[in-house]
*Asks:* 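Below: one structure in structure tokens.
Atoms considered below: every heavy atom in the structure, side chains included; atoms not considered: hydrogens, waters and symmetry mates. Residue numbers begin at 1 in each chain, while the letters A, B, ... track the order of the sequences.
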Amino acid sequence: MPPFAAIQTSVEAGVLTITLNRPDVCNAVNEDVCVELGTALRMAQREDAIRCIVLTGAGRAFCTGQDLKELARLQREPAAGTFDFAALLRQRYNPLIVRLRTMEKPVVAALNGVAAGSGVSLALAADLRIAVRSATLLMAFGQLGLVPDCAATLTLIEQLGYARAAELCFLGEPLTAEQALQWGLVNRVVDDGDLPRATQELAGRLAALPTRALGLTKRAFNHAQNATLDEQMEYEALLQATAGRTADHREGLEAFLAKRPPRFTGS
Amino acid sequence: MRTALDYDAAMNEAIQGELIDGIGAVRINRPEVLNVINLATLEQLVSTLERYDAEPAVRCLLLTGSERAFGSGADIAELAATSMVDTYQRDSGAAWDRLRRVRKPIVVAVSGYAIGPACELLLAGDIVVASESTRISFPEVSMGALPGGGGTQRLARAVGKACVMDLLLTGRAITAREALAMGLVSRVVPREHYYEEALNICRELCKRPPLALQVAKQAVLTAYETTLSAGLSHERNLHYLLFGTADQREGLRAFLEQRAAVFVGR
């Protein structure tokens, strides 16, 4: 990985940890964060040795979404009334969300603290979420007179159902980690000091699984959003044909028959 | 003159031809330029397809590029260096007319970039299998040019007017799924399977009576050329024509006798 400033990266045992690194502004997202995150995710997709990605934040917050000071500046420059919000989303954010959702390896969001606005959207674009007990999720868009973006209107309805999604987005009240767990929005809640260990344990397990099959499973999940029963089963059949040719499938089968634990390589 | 079979040996050429059990498989192979289709490549491509078309052992044709790029556009430098008089005298676009006269079915396996002339090749094909990663675009107008290989005419006959105008005038790239919804491609499959799927279609076509395939292709293409009544009349004559083939007799008899038909191509 190249030297980054707005994010930090580290690789250990097949797990790439990407840490949003603007703790003084609660990891608000500016242009640098988007560019660096895009680069890191692109490299992660290409690097076979990386078999799981963890997204987390430095300091007390996970991510508080768009940097509002930057936003205010963008709306003034070069002249008031020329700012293109749609272009900001299309160019900066949407490719990141697509990259997370189509990344053919598991992505874990480790919520070390508050997630707000598109920070929640980023967490929702991951496959699994693990949160500290003190973490909160805040759909702050409404308070700013804005619409939830970065696919949050889709992912929230998927994961919460309509009524809860509407409550979260309309009222803009912080959702506690415990409540998020009950609602099925996060997979695990751990004590505050326990996040690094719990994340490492979860990510380590994911990184030791048949990465190719997990990636294809993700693809099937994405496909299911626009498919009929027949289309989805045909799609599964083709993906299974691909998975059936992987070394990890052979290893899994051999290990099962030999009654020994499998050793997957991700290929 | 080289025969189609000689192309099997020419593996390092921009166009690779390979005969696979009755399938004339043709691959655009210029990985160093993501399969840019210059005039020489187009000429070689059409010649190869024509040779396989003329080869009795070949039942159908398969056209593909690479997973990253079916074809990433024209050779812009070549076009920039070509004057109006050059292009008129050379009439390089005539290759497209020859492509239209290929009688055997052409199955196209497309993945990655399909830009400009590559899209026109796709439009000249009969059955198009696209990988999910396919991105189709016509950038010609954005450069002050026009698709010259049938792009405007075939596209207008393949999809609705509003979609044609959107594609041609804005140069917007569309995904495989959008192309499927527009009727521009026949099937969309995961990228690991687009070639295999196309090959399987070819294998199926190889089992079918070759004359019926060719006549059916001719009849469908006529629909784009003529009025409904002339087209229906043409279809009826072709329908009668097939009564004179051994394969039609055999196909009907085999159905009645509940056995697999054996087609001889006569």
*Asks:* Counting only heavy atoms not in A/R205 (residues, nucleotides, ligands), do more than 12 fall under 6.0 Å from its CZ?
*Replies:*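 No, not enclosed.
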
*Asks:* Inspect the surroundings of CD in A/E12 and state if more than 12 heavy atoms from other residues, nucleotides or ligands are less than 6.0 Å away.
*Replies:*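 Open: at most 12 neighbouring heavy atoms sit under 6.0 Å from CD of A/E12.
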
*Asks:* Taking atom CZ as the centre, does A/R46 end up with more than 12 heavy-atom neighbours from other residues, nucleotides or ligands that are less than 6.0 angstrom away?
*Replies:*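 Incorrect, the count does not exceed 12.
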
*Asks:* Can you list the residues of residues 193-215 of chain B that sit under 4.5 Å from chain A, counting heavy atoms only?
*Replies:*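 From residues 193-215 of chain B, the residues near chain A are B/H193, B/E196, B/E197.
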
*Asks:* Considering residues, nucleotides and ligands other than A/Q240, do more than 12 of their heavy atoms fall under 6.0 Å from its CD?
*Replies:*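 Counting neighbours around CD of A/Q240, 12 or fewer heavy atoms of other residues, nucleotides or ligands fall under 6.0 Å, so no.
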
*Asks:* Taking only heavy atoms into account, what residues of residues 150-184 of chain B are found under 4.5 Å from chain A?
*Replies:*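 Only B/R177 of residues 150-184 of chain B have a heavy atom under 4.5 Å from chain A.
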
*Asks:* Nearest 0.5 Å, please: how far is CG in A/L238 from CD in B/E192?
*Replies:*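 Atom-to-atom, B/E192:CD and A/L238:CG are 9.5 Å apart.
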
*Asks:* Give the interface residues of residues 209-222 of chain A toward chain B, defined by a heavy-atom separation under 4.5 Å.
*Replies:*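 Residues in range: A/R212, A/L216, A/R219.
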
*Asks:* A/T242 versus B/P190: any side-chain heavy-atom pair under 4.5 Å?
*Replies:*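 With C-beta onward as the side chain, the pair stays apart.
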
*Asks:* How about CZ on A/R164, more than 12 heavy atoms from neighbouring residues, nucleotides or ligands closer than 6.0 Å, or not?
*Replies:*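 Yes, because the 6.0 Å sphere around CZ of A/R164 holds more than 12 heavy atoms from other groups.
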
*Asks:* What pairs with B/R68 under salt bridge (Lys or Arg N to Asp or Glu O under 4.0 Å), at least two apart in sequence or on another chain?
*Replies:*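 Testing B/R68 for salt bridge (Lys or Arg N to Asp or Glu O under 4.0 Å), a comparison that skips the adjacent residues, returns none.
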
